[in-house]
Amino acid sequence: MQANKPRSNRGARCQGDDDGCYPDQDGPGSTVSLCGADLDDIPHLRDWVPDLQEHENPLKQHPAYRTRNNDYFINPGDVVTQQVVVNMDRPREPTHFRRAGPREKVVFAGEEVRAAIVTCGGLCPGLNTVVRELVFSLWQQYHVHDILGIDGGYRGFYAKNTIQLDPKKVGDIHKRGGTFLGTSRGGHETTKIVNSLEDRGINQVYIIGGDGTQRGALAIHKEVVRRGLKVAVAGIPKTIDNDIAVIDKSFGFDTAVEEAQRAINAAHVEAESVENGLGVVKLMGRYSGYIAMYATLASRDVDICLIPEVPFTLEGPGGLHRYVERRLRENGHMVIVIAEGAGQELMAADTTGTDMSGNKLLKDVGLWLSQNLKDHFTQHTKQVLNLKYIDPTYMIRAIPSNASDNVYCTLLAHSAVHGLMAGYTGYTVGPVNGRHAYIPIERVIASQNRVNVNDRMWARLVSSTQQPEFTFSEAGDDSSAKPTPEPAPEPSHEPARRPPVPVGRTTNNGAADTNSALVASMGGGGVGDVPPATTGTVSFDNDYGAAAQETAAAAMLEGARKDK
Ligand SMILES: Nc1ncnc2c1ncn2[C@@H]1O[C@H](COP(=O)(O)OP(=O)(O)O)[C@@H](O)[C@H]1O
Ligand SMILES: O=P(O)(O)OC[C@H]1O[C@](O)(COP(=O)(O)O)[C@@H](O)[C@@H]1O
Ligand SMILES: [Mg+2]
């Protein structure tokens, strides 16, 4: 069957109140107009499935969800705004996503559904909770009793038997780390996967995984559309690195940061118990240093946090070596947290290849840095160095999710099910400014979240650790004493767009970066439209003006020593 072109309302916009602008009924073939707003819409099965039948949502009869005025259901016109901070002087038309949640009408009857759930990529706390809650939502809310678990990631669609799932089987899996279904990297073969969907009669697919997995989900969705199948595909974003764009935060991240505290605590206890004690802790973070940054901020015991977004140098007056020497002289002990993706360019350039998904394999920067510091102290100083290296990498992701991540996973799973039951497809579900939304998969994979070093969060970290920039200084000035320049404004969750800095050259963390992403800026329009921080025209939160921010940052950076 030839598929119709999927509908897109991206850019759909009404002309104002007078043109009768109001959210349409969400009926077949209709489009939605929004007053002065862009809707980044998602596909619906009705776009290519002719004569799609609608049914009453069975939740209307469900004792737990039935409410007297039916306000449990999402109004078809409800959308979630991406930019919640705007500037009065330069209002912008924000992007919106469809609000996630149950619709009054569904396009699948429970007995008609054969659902499949798959987990792909690396582990993350909460995977089992998502699987459990998908099963419970399908089973209890929508009377779907044919649910297949796909064994071991994408390749399980075509190379393995499926696992029949029911509430009893998954009832307590949320108490365990890992994934009940197994996972893998590589193995995505779109044609084989969609053939398997057709052969097995699967018409709903729930795909849990990171950016690579979401790319795979989009490929499956596109092939489904090409074949004109009544198969709905939802992505549920998973990443321990918290680098998935658009959504507020990924599940398992809080759990991982919490677990990382234990490693940092241990490093600190070890370090302060001996002469010249140095604890080095390596945390995950291939391209983004969120775990390292949040774990450092939460701990307050960390002296240096190194992340992939901030290049550093070892040698010279502004280098890491000098600072470690000085800090040990001053304080007798210290803790360094390093994200696995940091400093990769400093290590020997032997190629380490890629994993089965094509991700570059990283060299062990924690080990390397530890050895490098030991060598430096042996060869160049008279100081002893008691270095303890702690690598909790897999321990922080192989654990069950904590309470708040469990609740978050529940919402994600239920939102995913509500959307597919209503006929929406080709989306990734996730919270945008606290409200769950259906985001086109393309949007989620278009960019990757990175720590924006012009963000106030990074400034908070720098003011907490008191760490300098570790820059190369030809002039021989002791830039290790120089604080990082004043912080720039809060970014959106788009990646930091810092141009690559050559190894060993001076970086300018926190200074003007005209490409930074912003929520809003005085006299500037937003992403890619930001005045340099040094002009002082940036805006901060209402309660914390630019001048106050600058003064506070300067005071923090110059004055106070950390209370350890
Ligand atoms: N560009 C892509 N297109 C289709 N599938 C992909 C793509 N990138 C990765 N995948 C598949 O997604 C799965 C997980 O990807 P991976 O990068 O290992 O983890 P993550 O999803 O956590 O980023 C693998 O099975 C891989 O083959
Ligand atoms: O050893 P593995 O399983 O390949 O995983 C290691 C990599 O996966 C990551 O955890 C990223 O995984 P996510 O897909 O969860 O973001 C990186 O931090 C790390 O480099
Ligand atoms: Mg990935």
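One-based numbering, in listed order, for ligands and for the atoms of each.
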**OP:** Compute whether any side-chain donor of one residue and acceptor of the other, for N433 and Q83, lie under 3.5 angstrom apart.
**Re:** no
**OP:** Sort out the contact shell of ligand 2: every protein residue with a heavy-atom distance below 4.0 Å, listed by chain and number.
**Re:** R185, K238, T239, I240, D241, M284, G285, R286, E340, Y394, R397
**OP:** Answer yes or no: does an N/O atom from G121 fall short of 3.5 Å to an N/O atom of ligand 1?
**Re:** no
Original post:
Distance only, no hydrogens: is a donor on one side chain within 3.5 Å (strictly under) of an acceptor on the other, for D40 and T95?
Top reply: no
Original post:
Can you name the nearest heavy-atom pair linking A339 to P308, along with the distance?
Top reply: CB-CD, 3.7 Å
Original post:
Based purely on interatomic distance, does T213 place a nitrogen or oxygen under 3.5 Å from a nitrogen or oxygen of ligand 1?
Top reply: yes
**OP:** State the atoms of ligand 1, each with its element, that fall below the 4.0 Å cut-off from a heavy-atom position in Y154.
**Re:** 11 (C), 12 (O), 13 (C), 25 (O)
Original post:
What is the nearest protein non-hydrogen atom to atom 1 (N) of ligand 1, stated with its residue, atom name and distance?
Top reply: R215 CD, 3.3 Å
Original post:
Which of these passes side chain to side chain contact (heavy atoms under 4.5 Å, CB included) with K238: I207, I208, L412?
Top reply: I208
Subject >> Row check, Y287 ring normal vs K360 NZ/CZ: under 6.0 Å, within 45° >> reply: no
Original post:
Under 6.0 Å from the NZ atom of K230, do we count more than 12 heavy atoms belonging to anything else shown?
Top reply: yes
**OP:** Distance to 0.1 Å, residue and atom name: give those for the protein heavy atom nearest to atom 17 (O) of ligand 1.
**Re:** N359 ND2, 3.1 Å
**OP:** With sequence neighbours left out, write down each residue that passes ring pair (Phe, Tyr, Trp, His ring centres under 6.0 Å) with H188, or none if nothing qualifies.
**Re:** Y154
Subject >> Polar atom proximity, R185 to ligand 1 (N or O, under 3.5 Å) >> reply: yes
**OP:** Measure from atom 24 (C) of ligand 1 to every heavy atom in G216, A217, G186, G212 and give the option owning the shortest one.
**Re:** G186
Original post:
With no hydrogens and no angle check, do the side chains of Y389 and D364 hold a donor and an acceptor under 3.5 Å apart?
Top reply: yes
Subject >> Nearest non-hydrogen partners of I147 and V144, listed with the distance >> reply: CD1-O, 3.7 Å
**OP:** Give yes or no for whether the N/O distance cutoff of 3.5 Å, strictly under, is met between A219 and ligand 1.
**Re:** no
Subject >> D211-ligand 1 polar pair, N/O distance under 3.5 Å >> reply: yes
Original post:
Would one find an N or O of D355, backbone or side chain, under 3.5 Å from an N or O of ligand 1?
Top reply: no
Original post:
Based purely on interatomic distance, does C120 place a nitrogen or oxygen under 3.5 Å from a nitrogen or oxygen of ligand 1?
Top reply: no
Subject >> Close aromatic pair by centroid cut-off 6.0 Å: Y427 and F97 >> reply: no
**OP:** May I ask you to list the protein N, O or S atoms found at less than 2.8 Å from the Mg ion (ligand 3)?
**Re:** D211 OD1
**OP:** Please say whether more than 12 non-hydrogen atoms of neighbouring residues, nucleotides or ligands are located less than 6.0 Å from CG in N161.
**Re:** no
Subject >> K374: salt bridge (charged side-chain N to carboxylate O under 4.0 Å, His left out) partners, not counting sequence neighbours >> reply: none
Subject >> Interfacing atoms of ligand 1 (cut-off 4.0 Å, heavy-atom, G210) >> reply: 20 (P), 21 (O), 22 (O), 23 (O)
Original post:
Are a donor atom and an acceptor atom from the side chains of T190 and E223 found within less than 3.5 Å of each other?
Top reply: no
Subject >> Taking atom 15 (O) of ligand 1 as the reference point, the nearest protein heavy atom with its distance >> reply: S357 OG, 3.4 Å
Original post:
More than 12 foreign heavy atoms under 6.0 Å from CZ of R435: is that the case here?
Top reply: no
Original post:
Is it true that the side chains of R286 and Q448 contain a donor and an acceptor less than 3.5 Å apart?
Top reply: no
Subject >> Nearest-neighbour protein heavy atom for atom 22 (O) of ligand 1, which is reported as residue plus atom name and distance >> reply: K238 NZ, 2.9 Å
Original post:
Mind checking whether H418 and Y142 have ring centres under 6.0 Å apart?
Top reply: yes
